[in-house]
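Working notes, beginning with the structure itself.
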Amino acid sequence: MPAKEPIILGIESSCDDTSAAILQGRKILSNIIASQEIHKKYGGVVPELASRAHQQNIIPVVDHALKQANVKKEDLSAIAITRGPGLLGSLLVGTSFTKGLSLGLGIPIIEVDHLQAHTLAHFIDMGNPTPNFPFLCLTVSGGHTQILKISDYFDMELLGTTIDDAAGEAFDKTAKIMDLGYPGGPLIDKLAKIGNAYAYNFPLPKIQGLNYSFSGIKTSFLYFVRDELKKNNNFIEENKADLAASMQRTIIEILMLKLKRASRETGIKEVALAGGVSANSGLRDAIIKGEKSYGWNTYIPPFQFTTDNAAMIAIAGYYKFIKGEFLDIDFAPYSKARHKI
Ligand code: KG4
Ligand code: ZN
């Protein structure tokens, strides 16, 4: 690594994880994540509680990231911060902290879009091959479901998106109906491993083009379970693995149908996965199978970079640092996804 590679502090606070990471060039020196347990008892993220927890966590998390990286704050070249999309109160904690630190240290701020960062996590140097441009990226998280055509680090075209709920919400809602806990994705994933994925069938949505919809299957699952519970009080308990496996299979089928179509229509066979739902073992297997079935080269992030983390913010910051793209201090965060990202 050249001696002068910039040292970037990345900070992520868009939802319920407070995270700080240090990267030197593309090399990761630390990546600290404080997940907020408080939301579990409410079955979902409570925005006001999230911003309060970020306030408590942000200083110790940044401090921990610097210590683990063995970097002094005076050695930092810049701070990369998630500007949006996300919960405004949570974003404000990260952005305000960043402004203060940038002023104190006299170093620039780099704005990062959270969704762009999920896709750029593939470029963190882990000794693994990186996708070749242009590549398709299926970004699936608790808030978003998108197929992107990525022609360069910051040249991303939105080919398809969800018209209602995100894939992660479908996982979380399934778990909520079954009273499994929050976040539901990992719990469904675990149960699905011991269930029969073909025990139950739920209808696939008929949505035009490369867009997605997940509200329909959420509702059909809810009605199906409600009707079965009328006949047998223990229906969920007795069939939870089969229910989880069948819903997981359906969500993956929906995701894969449009991804295959996007690959056919664009002729692009470099295919990547990103976002929290890319931790799902069934989805990872389905994408990897595409190598044999469709001649794809596939790229799946290591587990620690699937859900929200600041290393992905720092890598996006690194590519902007190279371009000299910095932000004036009077910026405000944004809550909604920007259509052209
Ligand atoms: O990217 P992320 O950490 O936060 C957002 O930006 O939304 O994604 C969180 C989502 C949640 O809906 C969670 O249930 C889901 O990712 N998730 C999973 C798995 N691990 C996390 N969904 C399915 N299977 C998993 N193993
Ligand atoms: Zn995310």
Side-chain angles (χ1 to χ4, degrees), residues 10-19 21 31 33-36 39-40 43-45 47 50 54 82-87 90-91 94 112-122 137-146 148 161-162 165-178 180-193 195 197 212 214 217-218 244-256 272-287 300-313 315-316 335-337 341:
I11 297 178
E12 156 64 32
S13 74
S14 66
C15 191
D16 59 341
D17 294 300
T18 320
S19 180
N31 184 35
I33 305 171
S35 296
Q36 303 176 359
H39 307 288
K40 282 201 168 132
V45 178
H54 283 304
T82 308
R83 187 173 174 189
L87 300 170
S90 292
L91 290 163
V112 173
D113 182 277
H114 181 87
L115 293 170
Q116 264 184 351
H118 268 301
T119 69
L120 293 176
H122 290 282
C137 189
L138 176 66
T139 304
V140 266
S141 72
H144 303 276
T145 304
Q146 304 183 322
L148 295 156
T161 186
T162 179
D165 299 331
E169 280 176 285
F171 274 105
D172 293 339
K173 185 73 186 184
T174 303
K176 196 167 185 175
I177 293 168
M178 290 166 64
L180 296 178
Y182 178 86
L187 304 166
I188 297 287
D189 194 356
K190 201 169 159 206
L191 268 179
K193 290 197 172 97
Y212 286 112
F214 287 97
I217 69 154
K218 229 172 59 177
S246 301
M247 268 301 268
Q248 177 166 303
R249 171 186 55 86
T250 312
I251 295 169
I252 294 170
E253 266 177 37
I254 296 171
L255 290 170
M256 291 303 293
L273 196 56
V277 182
S278 66
N280 185 268
S281 54
L283 182 58
R284 292 165 90 93
D285 289 348
I287 299 271
I300 297 178
F303 277 106
Q304 69 268 36
F305 303 133
T306 53
T307 45
D308 290 348
N309 66 89
M312 69 183 196
I313 306 302
I315 189 76
S335 60
K336 292 215 165 66
I341 68 168

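Quick caveat: nothing in here was measured; it's all calculated off a predicted structure. Ligands are counted one by one from 1 in listed order, and the atoms in each one are counted from 1 as well.
A donor atom on one side chain and an acceptor atom on the other are found under 3.5 Å apart for E12 and S14.
The protein heavy-atom contact nearest to atom 10 (C) of ligand 1 is G142 N, 3.4 Å. The protein atom (non-hydrogen) at minimum distance from atom 24 (N) of ligand 1 is N280 ND2, 3.0 Å. The shortest contact between atom 15 (C) of ligand 1 and any protein heavy atom is with V277 CG2, 3.9 Å.
Residue D308 places at least one N or O, backbone or side chain, under 3.5 Å from an N or O of ligand 1. Of the polar atoms of F171, none of the N or O atoms is found under 3.5 Å from an N or O of ligand 1, judged by distance alone. Below 3.5 Å of separation, one finds no N or O of E169 facing any N or O of ligand 1.
What you find for T119 and C137 is that their closest heavy atoms are CG2-SG, 3.7 Å. The two residues I313 and N309 come nearest to each other via the heavy atoms CG1-O, 3.7 Å. Taking every heavy atom of both residues into account, C15 and D308 meet most closely at CB-OD2, 4.2 Å. When all heavy atoms of Q248 and D189 are compared, the closest pair comes out as OE1-CA, 3.3 Å. The two residues H144 and P85 make their nearest non-hydrogen contact at NE2-CG, 3.9 Å. Residue G185 comes nearest to D172 through the heavy atom pair N-OD1, 3.3 Å, listed as atom of the first residue, atom of the second, then distance.
Inclusion of H144 in the first shell of the Zn ion (ligand 2) is not supported: no N, O or S atom falls under 2.8 Å. Put simply, C15 stays out of reach of the Zn ion (ligand 2), with no N, O or S atom under 2.8 Å from it.
Contacts between D189 and ligand 1 below 4.0 angstrom, taking non-hydrogen atoms only, involve the side chain exclusively. Of all the heavy atoms of H114, the ones lying under 4.0 Å from any atom of ligand 1 belong exclusively to the side chain. By the criterion of a heavy-atom distance under 4.0 Å, the side chain of D172, and not its backbone, is placed next to ligand 1.
Short contacts between ligand 1 and H118, defined as distances under 4.0 Å to a heavy atom of the residue, involve ligand atoms 1 (O), 6 (O). For ligand 1 and S141, the ligand atoms under 4.0 Å from any heavy atom of the residue are 1 (O), 5 (C), 6 (O), 7 (O), 8 (O). Atoms of ligand 1 lying under 4.0 Å from at least one heavy atom of G168, given by number and element, are 12 (O). For ligand 1 and A279, the ligand atoms under 4.0 Å from any heavy atom of the residue are 20 (N), 26 (N).
Closest heavy-atom approach to atom 1 (O) of ligand 1 within the set G143, A175, G276, C15: this belongs to G276. Considering only non-hydrogen atoms, atom 18 (C) of ligand 1 lies nearest to G185 out of G86, G185, A167.
Restricting D308 to its N, O or S atoms, the one at the least distance from the Zn ion (ligand 2) is OD1.
The backbone N or O of G276 sits nowhere less than 3.5 Å from a side-chain atom of S141 that would complete a donor-acceptor pair. Checking side-chain atoms of R83 against main-chain N and O of H114 turns up no donor-acceptor pair under 3.5 Å.
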Exercise. Could you walk me through whether L120 and F305 pass the side-chain contact (heavy atoms from CB on, under 4.5 Å) check?
Worked result: CA-CA 10 Å; L120 293 176; F305 303 133; over 6 Å; no
Problem set entry | Residue pair F171, K218: steps toward the side-chain contact (heavy atoms from CB on, under 4.5 Å) verdict | CA-CA 9 Å; F171 274 105; K218 229 172 59 177; over 6 Å; no
